[in-house]
Structures are given as structure tokens and as C-alpha cells.
Amino acid sequence: MDVDPLDLISPKRYGENGQPHELLAWMRQNSPVHWCEPDGYQNFWAVTRHADIIEVSMQPELFSNEADSITIRTDQQVADLEEHGSIIGDMRTIISMDPPDHRLYRKVASGFFTPRGISHLDQIVNDSAKALLDSLGDEGECDFVDIIAQRHPLRVLATILGIDREDEERLLVLTQQLLSGDDPDYRREAESRYQASAEVGMEFYAMFDRIIKDRRAHPQEDLATMLANAHLPTGEALPEIETFGYYLIVFTAGHDTTRNGLSGALEAFLANPDQLQRLRENPEMAKDAVEEVVRWSTPVNYMKRTAMADATVAGQPVKEGDFVVFFYASGNRDETVFDRPHDFDIGRHPNRHLGFGWAEHYCLGAHLARASTQALIKQLAERVIEIEPAGPIVRTESNLIVGAKQLPVRYKLRPAA
């Protein structure tokens, strides 16, 4: 098989074809650490096997998040960065930090995101899921992404971050423009991509600045207050730019990943109705079902690291300064780790998926994402009488956070118990 690296990194091709699972399967078997020179993008090594992804992830000192960025940039983005810098990039986030800073800054909010820490959100999560399905009525048609998948995490995250309901729609648009700016349906109109990015960054800054000032003057029992008044483990106050960065990463990463996980869940259940029936008959399987949803859909498609010294990955020499990109979507279908990896099986156990990352940068909000996803799929299992596609799935033109942007369905629901 000829490997066209644009199949791995072109947002347009993800919009047209989804994740390239056939190509990734071939690469795992024949070229698991593959040199890619995509036209118009930075060159990189593609790492596709589960074990090799773990190997790279567990060496943050050797494979850096901070040295360049976590994404493959276009040539134009590289040129814009050299000329103008980056407003978004200046909002330092924990996902773009290396040790020791990463460990210090992660501790600022890690207590909030433990299973015990988010237990007080159970009511919010369950009420949101129930209300959204209630809004559909007994039967009809809807775009599941628009009405359900993106609204559920939006409400939950807005609640913990102190975002007013009247600001939710604007925040949703900004998030789409930031993370899916290559998609013509989400792209912000501006003189250039750099200008669009700068405008989005300034709007995020203005919105979060207002919330931070309010929570400092009027503290409440929420994450917004915790971050606005946070101190590092060393005792000093969390710097302003990192405070903004925390707001940015918690909302944008937490929203789009969960949105695409939820749309991926319904897509999987539509293709495998026996699994929805299985969950209906065995509601205790909900936790395992969530793990399988994350493995199957893998909303975070890849992550980039920069080699800080000459190294080897699975025997392949990698030079200092090379970019190493590991594809979680490939690791999550690795035949050496998962039995029947292309089957959607809500009873899969064990399920050592990489959908929340691994090691140093394991997703801080994984427990909240699990709780949000579980609440919604349990509602679906309990209340769906019939559900079927009502039109073609349309996928987002994005290579980083991947999934459906339109998922039309026709349904019949029973009322909530």
C-alpha cells in the first residue's frame, strides 16, 4: 500500500472519509514508525502501534509537548507564527507543558476532577441528559449532534466554569472556530487564518477575564472560583496567563471531545442495535460501554511531540528536533492488544484504550467525560423505542478532534421513568 501522508493529516480528508482505519492497520503491520512528508504541512514520524504510543508517552523529558506544539502545523501557520506569534499559544495550558511545570500546574485542579471531586456534579450531568431527551418529544427527527451531543457537555462545562446561559451559544461558536477552524461550516471569516485565530483568542480572553474578576469578587463553590483564586503547590498565585489557559483547555478540550464521543456512541449503536439492546437489558454494563465508546470513536485523533535528542522508537532512529506523532485511533484498534478490534462490544474487558491519552498527559477531565457520557447513553438505553438514520452522516473537517458534525436521526422515545 502506498502511504499518502495527507490521508493522516488533511482535515478535508477526515471530513470526507473519517479516520483512515484501513491505512492505519496496514501501517501497524508494515511500517509502524513511518516518515511522512505531507505537502503543505510539517514533516513527522507517524507512530501507530499501541505499545509504541505508550513508550513515547512515558518519556516526556525526551519527547516534548512544549518545544513546538501538540499539533501538526501547515506551512502557512508556521510562517504566521514566526511573523506574528500566537495569542492562543500564549495562553499556556497544561497540555502544552513539560515537567516539572506540567506536574505543578496539573495539581491546581486535579482534586476537582477526581471521581470524588465530581460526585457533586452527578445531579447536573443526569438532569442535563434527561432534559435534552425530554426536549425531543415522543417521536420525530433531529440532528443528534446539534440538539444533543454538543448541548450536553456545553451545559455541564458552562455550569462548573461560571458561564452564563446567554453566553453559552457564543462560547460554542468560539470553540468550533478554534478546534475546527479548517471546516468551512465553522471557519471564522477574516482576512487570514492568523487574523481569525487572533480574534478568537481575544474573545476567549474577554469572556474568561470577566468570569475570573467576578469569581474573585464573589467566590462560589465551583471550578471557576477555584481557578480564579488558585495557588501553585509552591505557594505562589497561579499566573494570569496560565489562569486563562486553564479556562481555555478545560472548556474547549472538554467540550469537543465529549461531543464527538457522544455522537460516536450513537453512530456505533445505530450500526450495532444489538449492543443498545444489550445495554438496555444490562444497565450495569454502562461503565464498560463508556470505555468502548471512547475506544471506538477516539475523538482525540493524534498528538504531536518533539524529540529533544536523538532517540529510537520501536528500533527506528529519530533525530533531535524531529516531530513524532502518535495516532490514538490506530492504537485503539491494535490487533495485538484488542480481540476483534473493529467490533463494537460494550462488554469488552479489559479495555486498555488510549482514548484519554496515557501517562503524563492522561486527560485531566476523564472522569467528568465518563460521567457525562454514561448519563446520556443510559438515557438512550432506557428511553429509545426506535431510532434510525434520517440522512447521511456529515463529518467535521478536522484532523485533531474528529467526529460527526451532522447526525440526523428518526426516533421514538418513551417518557423518563
Please check this pair: side chain of [X] against backbone of [Y], looking for a donor-acceptor N/O pair closer than 3.5 Å.
| X | Y | value |
| --- | --- | --- |
| D143 | L407 | yes |
| Q77 | T74 | yes |
| D310 | E320 | yes |
| D322 | K319 | yes |
| T159 | R155 | yes |
| S330 | T48 | yes |
| R305 | S64 | no |
| Q379 | A375 | no |
| Y302 | I401 | no |
| N332 | L354 | yes |

Quiz item: Parallel, tilted or perpendicular: which fits the ring planes of F344 and W296, with parallel below 30° and perpendicular above 60°?
Solution: perpendicular
Exercise. Return the orientation label for the W358 and H50 ring planes: parallel under 30°, perpendicular over 60°, tilted otherwise.
Key: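 Geometry flag for H50 against W358: perpendicular rings.
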With a sphere of 6.0 Å drawn around [atom1] of [X], does it hold more than 12 non-hydrogen atoms of other residues, nucleotides or ligands?
| X | atom1 | value |
| --- | --- | --- |
| E166 | CD | yes |
| R116 | CZ | no |
| K378 | NZ | no |
| R352 | CZ | no |

How about [X] and [Y]: do any of their side-chain heavy atoms sit closer than 4.5 Å?
| X | Y | result |
| --- | --- | --- |
| Y105 | P239 | yes |
| V250 | F113 | yes |
| L262 | P153 | yes |
| F326 | D52 | no |
| K287 | Q374 | yes |
| C36 | I9 | no |
| L81 | R73 | yes |
| L161 | I211 | no |

For residues 172-181, please give each side-chain donor-acceptor pair under 3.5 Å, one per line with the distance, not counting sequence neighbours.
unit_1 : atom_1 : unit_2 : atom_2 : d
T175   : OG1    : L171   : O      : 2.8
Q176   : NE2    : Q150   : OE1    : 3.2
Q177   : OE1    : R188   : NH1    : 3.0

Quiz item: Given R216 and E240, is the salt bridge (Lys or Arg N to Asp or Glu O under 4.0 Å) satisfied, shown in steps?
Solution: CA-CA 13 Å; R216 287 175 178 166; E240 287 292 302; 2.8 Å; yes
What is the minimum heavy-atom distance between [X] and [Y], and which atoms define it?
| X | Y | result |
| --- | --- | --- |
| P11 | Y41 | CD-OH, 3.2 Å |
| S297 | G264 | CB-CA, 4.0 Å |
| R106 | Y362 | NH2-O, 2.7 Å |

Ignoring hydrogens and angles, state whether a donor on the side chain of [X] or [Y] is under 3.5 Å from an acceptor on the partner side chain.
| X | Y | answer |
| --- | --- | --- |
| D183 | T396 | no |
| T306 | D68 | no |
| S263 | R259 | no |

Practice problem: Using side chain to side chain contact (heavy atoms under 4.5 Å, CB included) as the criterion, list what pairs up with T225, not counting sequence neighbours. | Solution: R215, P219, Q220, D222, N229
Quiz item: Can you list the residues that meet the side chain to side chain contact (heavy atoms under 4.5 Å, CB included) rule with A237, with sequence neighbours excluded?
Solution: H231
Would you call [X] and [Y] a salt bridge, taking side-chain N to carboxylate O under 4.0 Å as the test?
| X | Y | answer |
| --- | --- | --- |
| E61 | R103 | yes |
| D345 | R278 | yes |
| D214 | R210 | no |

When rounded to the nearest 0.5 angstrom, what is the spacing between [atom1] in [X] and [atom2] in [Y]?
| X | Y | atom1 | atom2 | result |
| --- | --- | --- | --- | --- |
| E191 | E199 | CD | CD | 8.5 Å |
| I393 | E267 | CD1 | CD | 3.5 Å |
| L368 | I160 | CG | CD1 | 5.5 Å |

Quiz prompt | ring pair (Phe, Tyr, Trp, His ring centres under 6.0 Å) contacts in which one or both residues fall within residues 54-75, not counting sequence neighbours | solution =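 Qualifying pairs: none.
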Self-check item: Pair L132-I147, side chain to side chain contact (heavy atoms under 4.5 Å, CB included): steps then yes or no
Solution: CA-CA 8 Å; L132 284 168; I147 303 301; 5.5 Å; no
Exercise. Would you sort out whether R13 and L6 count as a side chain to side chain contact (heavy atoms under 4.5 Å, CB included), showing the intermediate values?
Key: CA-CA 8 Å; R13 296 192 188 183; L6 287 175; 3.5 Å; yes
Quiz prompt | Inter- and intrachain pairs under salt bridge (charged side-chain N to carboxylate O under 4.0 Å, His left out), touching residues 15-42, at least two apart | solution =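 Every pair satisfying salt bridge (charged side-chain N to carboxylate O under 4.0 Å, His left out) with a residue in residues 15-42: K12-E16, R28-E335.
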Exercise. Please lay out, stage by stage, how R383 and D134 fare under the test salt bridge (Lys or Arg N to Asp or Glu O under 4.0 Å).
Key: CA-CA 10 Å; R383 300 178 61 179; D134 287 345; 2.7 Å; yes
Self-check item: Residue list, ring-ring contact (aromatic ring centres under 6.0 Å, His included) with W35, at least two apart or on another chain
Solution: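 For W35, the residues satisfying ring-ring contact (aromatic ring centres under 6.0 Å, His included) (neighbours in sequence not counted) are W45.
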Practice problem: Evaluate the salt bridge (Lys or Arg N to Asp or Glu O under 4.0 Å) criterion for residues R92 and E66: first the C-alpha distance (whole Å), next the side-chain angles of each, then the deciding distance (0.1 Å), finally the verdict. | Solution: CA-CA 10 Å; R92 294 186 72 213; E66 197 163 348; 3.3 Å; yes
Quiz item: Between R295, R348, E291, which is the residue that forms a side-chain hydrogen bond (donor to acceptor under 3.5 Å, both in side chains) with H353?
Solution: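 Among R295, R348, E291, the one meeting side-chain hydrogen bond (donor to acceptor under 3.5 Å, both in side chains) with H353 is E291.
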Quiz item: What do the steps show when you test V384 against L413 for side chain to side chain contact (heavy atoms under 4.5 Å, CB included), and what is the final call?
Solution: CA-CA 5 Å; V384 165; L413 303 177; 3.7 Å; yes
Quiz item: I53 and D334: side chain to side chain contact (heavy atoms under 4.5 Å, CB included), yes or no, with the steps?
Solution: CA-CA 11 Å; I53 293 170; D334 190 325; over 6 Å; no
Quiz prompt | Aromatic ring proximity, centroids under 6.0 angstrom, F251 and Y247 | solution =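 For Y247 and F251, the ring centres are not under 6.0 Å apart.
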